[in-house]
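In what follows, residues are counted from 1 in the order of the sequence shown. Here the structure is a predicted model, which is why all the values come from computation and not from measurement.
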Amino acid sequence: AAPDGLPHGAGDWVLHMKARKIKKHATKKWEVSLLQLRNGSIKKFKVTRRLPELAVAETRLFTSKKKAKKLFDEWLK
């Protein structure tokens with residue numbers, strides 16, 4: 001185990017750029033992104049929406065790509 005008590009590599013999440021999507025909402029000015037993170041064989045999907053003018057953001061993590069994509073699409077409606 002590492003000095004912090006976690007197994008080696010437990011905090012080493014890697015962003016896979018090929019799985020990155022960013023779109024802007026047509027009227028609400030939100031930037032919505034869907035990112036795939038990986039730690040060894042474990043994948044997580046991070047969905048974030050930002051309102052850059054106000055420095056406001058909301059982020060959710062999913063283990064299911066289907067659920068992450070559903071929220072991504074919902075936030076773009």
Side-chain angles (χ1 to χ4, degrees):
D4 57 7
L6 296 172
H8 287 289
D12 299 332
W13 287 93
V14 177
L15 170 64
H16 286 266
M17 297 304 284
K18 65 181 179 185
R20 181 178 183 182
K21 280 187 175 180
I22 299 177
K23 293 189 177 183
K24 291 187 178 186
H25 191 281
T27 57
K28 296 181 185 175
K29 299 184 182 180
W30 284 103
E31 290 179 1
V32 182
S33 65
L34 173 60
L35 306 174
Q36 178 182 329
L37 305 171
R38 181 176 286 197
N39 182 353
S41 63
I42 301 170
K43 288 184 189 177
K44 289 195 179 182
F45 301 90
K46 178 180 169 184
V47 183
T48 302
R49 67 177 172 179
R50 295 180 55 232
L51 193 56
E53 293 134 8
L54 299 177
V56 174
E58 180 178 359
T59 299
R60 297 202 189 153
L61 288 172
F62 296 90
T63 55
S64 164
K65 183 176 182 177
K66 185 176 180 180
K67 289 180 182 180
K69 178 72 169 120
K70 181 179 176 184
L71 181 63
F72 178 80
D73 292 338
E74 183 180 308
W75 279 353
L76 287 173
K77 288 183 182 177

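In this view, Thr59 and Thr48 satisfy the side chain to side chain donor-acceptor pair (under 3.5 Å) rule, not counting sequence neighbours. The side chain to side chain contact (heavy atoms under 4.5 Å, CB included) test applied to Leu71 returns Val47, Arg60, Phe62, Glu74, Trp75, not counting sequence neighbours. Listed by chain and residue number, Asp73 satisfy the side chain to side chain donor-acceptor pair (under 3.5 Å) test with Lys69 (two or more places apart in sequence, or in another chain). Considering only residues two or more places apart in sequence or on other chains, Lys70 meets the side chain to side chain contact (heavy atoms under 4.5 Å, CB included) condition with none of them.
The CD atom of Glu53 sits 10.5 Å away from the CH2 atom of Trp30 when rounded to the nearest 0.5 Å. Rounded to the nearest 0.5 angstrom, Leu35 CG and Lys46 NZ are separated by 6.0 Å.
Phe45 and Ser64 make their closest contact through CD1-C, 3.9 Å (heavy atoms, listed as atom of the first residue, atom of the second, distance). The minimum heavy-atom distance between Pro52 and Glu31, with the atom names listed, is CG-OE2, 3.5 Å.
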